[in-house]
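Here the structure is laid out as structure tokens; the discussion comes afterwards.
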Amino acid sequence: ATSPDVTQSFILKHEMPPLPSGSQWAVVWEYDASAEEWTRGMIAIQLESRPFASGALRSAYKLTTKMNPTLYTQAFYRDQHSQYEEGKKLNLRKLPRLFGPVDSTYVAKLSKTTVSFERYFEDVKMQMMCREYGIRYTANSPPKPVDFLSAWVIEVQADKGDHKLYGLEMYIDGEFKKLNSNFGSVFGDRNTPQSFSHFSYEASAHELIIVDIQGVDDHYTDPQIHTKDGEGFGAGNLGEKGMKKFIESHKCNPICIQLELPPIGIDLNDSRNMTRVIRGTMMLPDLKPDLDPKLDI
Ligand code: ADP
Ligand code: ZN
């Protein structure tokens with residue numbers, strides 16, 4: 001896949017500050033999930049040449065920034081990110097402060113196989129949508145907040161005038177754990193990740209479910225969305241089949257009850273069950289005795 005030489009044209013069109021030594025310019029795209037809008041800008045990066053970690057699909061490189069990104073407005077939506085209009089320079093102070101302070105460490109994720117540029121944008125959009133669900137979940141005062149890392153797409157100049165895209169997010173120190181899969185598997189005995197997936201299903205009126213929960217503590221990254229129609233969000237979107245797998249294996253836990261999520265795995269077409277749920281006398285499988293936050297280990 002190729003892309004227009006946006007980095008060079010950007011540098012020529014805008015008056016850029018001097019590049020800190022050892023840095024290179026990259027184009028950065030930020031997605032606003034509530035406005036469904038992308039913003040583009042420039043960022044000075046230092047990118048390590050060797051990956052520090054690797055998953056099934058992507059290699060992860062450490063990246064640092066030596067200055068705040070300069071963001072520009074740009075009117076493109078959906079699939080038109082490579083055909084944007086040149087926009088007005090934004091007042092940085094008015095932007096949501098998604099970037100960390102100067103000198104923060106980030107992770108740049110490069111696909112191990114050749115994928116379309118679109119894939120990078122879809123992945124970032126998916127994670128930023130999940131971030132909105134995390135904010136909504138946390139607004140319901142669960143024992144522990146859920147925080148999906150903000151993600152960006154960056155475009156970096158490579159050899160021979162070529163360009164590479166990476167997914168970008170903050171580097172999180174600590175033990176990286178996978179907590180559920182996109183096919184009904186549950187790992188470990190944490191309640192928060194499982195309740196969050198259940199929450200996403202209810203909060204979207206069963207239109208989607210967020211799974212593949214993984215990260216450090218409750219700082220999540222690299223999620224997967226299954227949608228009712230199975231459209232969008234890459235090959236990991238297993239549609240109704242994926243939703244069904246979650247429903248079959250999920251056991252509601254005290255956080256699901258606290259958030260008043262309709263119990264999963266109980267046939268509400270059975271009028272006796274419906275009566276029990278309404279009266280609050282439905283017996284749930286493996287229910288822990290109370291809602292002590294310490295129960296979510
Ligand atoms: P894949 O798409 O192949 O699953 P991941 O997004 O899981 O790739 O990233 C690969 C590996 O990089 C992870 O298994 C983890 O060890 C590490 N990693 C990913 N994101 C972060 C992060 N934000 N902070 C620290 N380490 C990370
Ligand atoms: Zn539940």
Side-chain angles (χ1 to χ4, degrees), residues 1 3-4 6-7 10-11 14 16 23-48 51-53 55 57-82 84 87 89-90 92 94-111 115-135 147-158 163-172 215 219-223 225 233-234:
S3 81
V6 286
T7 319
F10 217 108
I11 292 166
H14 298 279
M16 301 301 295
S23 294
Q24 66 179 125
W25 289 118
V27 178
V28 57
W29 281 272
E30 183 170 278
Y31 185 67
D32 179 339
S34 41
E36 296 183 38
E37 191 180 27
W38 291 91
T39 302
R40 187 187 62 166
M42 292 295 279
I43 185 172
I45 60 161
Q46 293 187 359
L47 180 61
E48 288 188 358
F52 73 94
L57 302 172
R58 295 181 294 179
S59 302
Y61 299 77
K62 283 191 187 170
L63 181 153
T64 49
T65 57
K66 299 295 171 200
M67 60 189 289
N68 283 316
T70 313
L71 294 175
Y72 295 82
T73 53
Q74 119 190 30
F76 71 75
Y77 301 88
R78 301 207 185 118
D79 305 334
Q80 288 138 29
H81 50 77
S82 56
Y84 41 75
K89 190 168 175 177
L90 285 184
L92 270 180
K94 280 189 184 160
L95 287 171
R97 294 179 54 85
L98 294 182
F99 275 90
V102 170
D103 254 333
S104 303
T105 304
Y106 295 83
V107 181
K109 297 182 180 183
L110 181 67
S111 182
V115 296
S116 69
F117 278 30
E118 201 54 51
R119 182 77 255 125
Y120 286 91
F121 288 90
E122 283 184 352
D123 282 345
V124 163
K125 186 173 171 176
M126 176 155 62
Q127 190 158 324
M128 293 303 270
M129 279 178 67
C130 294
R131 184 176 162 80
E132 294 291 308
Y133 277 93
I135 291 166
D147 168 45
F148 274 90
L149 299 178
S150 292
W152 300 269
V153 179
I154 56 167
E155 177 164 346
V156 178
Q157 279 178 300
H163 300 267
K164 267 185 184 169
L165 294 197
Y166 294 80
L168 186 73
E169 62 192 37
M170 291 293 276
Y171 174 84
I172 305 288
H219 302 290
Y220 300 150
T221 181
D222 196 18
I225 295 180
F233 308 114

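- At distances below 3.5 Å, at least one donor-acceptor pair connects side-chain atoms of Y120 with backbone N or O atoms of S111.
- Distance check, rounded to the nearest 0.5 Å: CZ of F117 to NZ of K164 gives 10.5 Å.
- Of the residues listed (T65, T64, I45), the one engaging Y106 in a side-chain contact (heavy atoms from CB on, under 4.5 Å) is T65, and it is the only one.
- Between the CE atom of M170 and the CH2 atom of W152 there is a distance of 7.0 Å, given to the nearest 0.5 Å.
- Smallest separation of non-hydrogen atoms from R119 and G234: NH1-CA, 3.3 Å.
- L63 places a side-chain heavy atom less than 4.5 Å from the side chain of I154.
- Once rounded to the nearest 0.5 Å, the distance linking CG of L168 with OG of S150 reads 10.5 Å.
- Atom-to-atom distance recorded for F52:CZ and T105:OG1 is 9.5 Å, nearest 0.5 angstrom.
- Rounding to the nearest 0.5 Å places CG of D32 at 7.0 Å from CD of E132.
- Between V124 and A151, the shortest heavy-atom distance links the atoms CG1-O, 3.4 Å.
- No donor-acceptor pair under 3.5 Å is formed between the side chain of Q127 and the backbone N or O of F148.
- Ion pairing between K125 and E122 fails under the 4.0 Å rule for side-chain N and carboxylate O.
- Salt-bridge annotation for R58 and D222: present, with a side-chain N of the basic residue lying under 4.0 Å from a carboxylate O of the acidic one.
- Side-chain contact between L47 and K62 is absent, with no heavy-atom pair separated by less than 4.5 Å.
- For F233, the ring pair (Phe, Tyr, Trp, His ring centres under 6.0 Å) criterion is met by no residue, not counting sequence neighbours.
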Step-by-step side chain to side chain contact (heavy atoms under 4.5 Å, CB included) determination, K109 to T221: CA-CA 12 Å; K109 297 182 180 183; T221 181; 3.4 Å; yes
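- One distance of note links CD of E118 with CG of D123; it measures 10.5 Å at 0.5 Å rounding.
- Side chains of Q157 and H163 form a contact here, defined as non-hydrogen atoms less than 4.5 Å apart.
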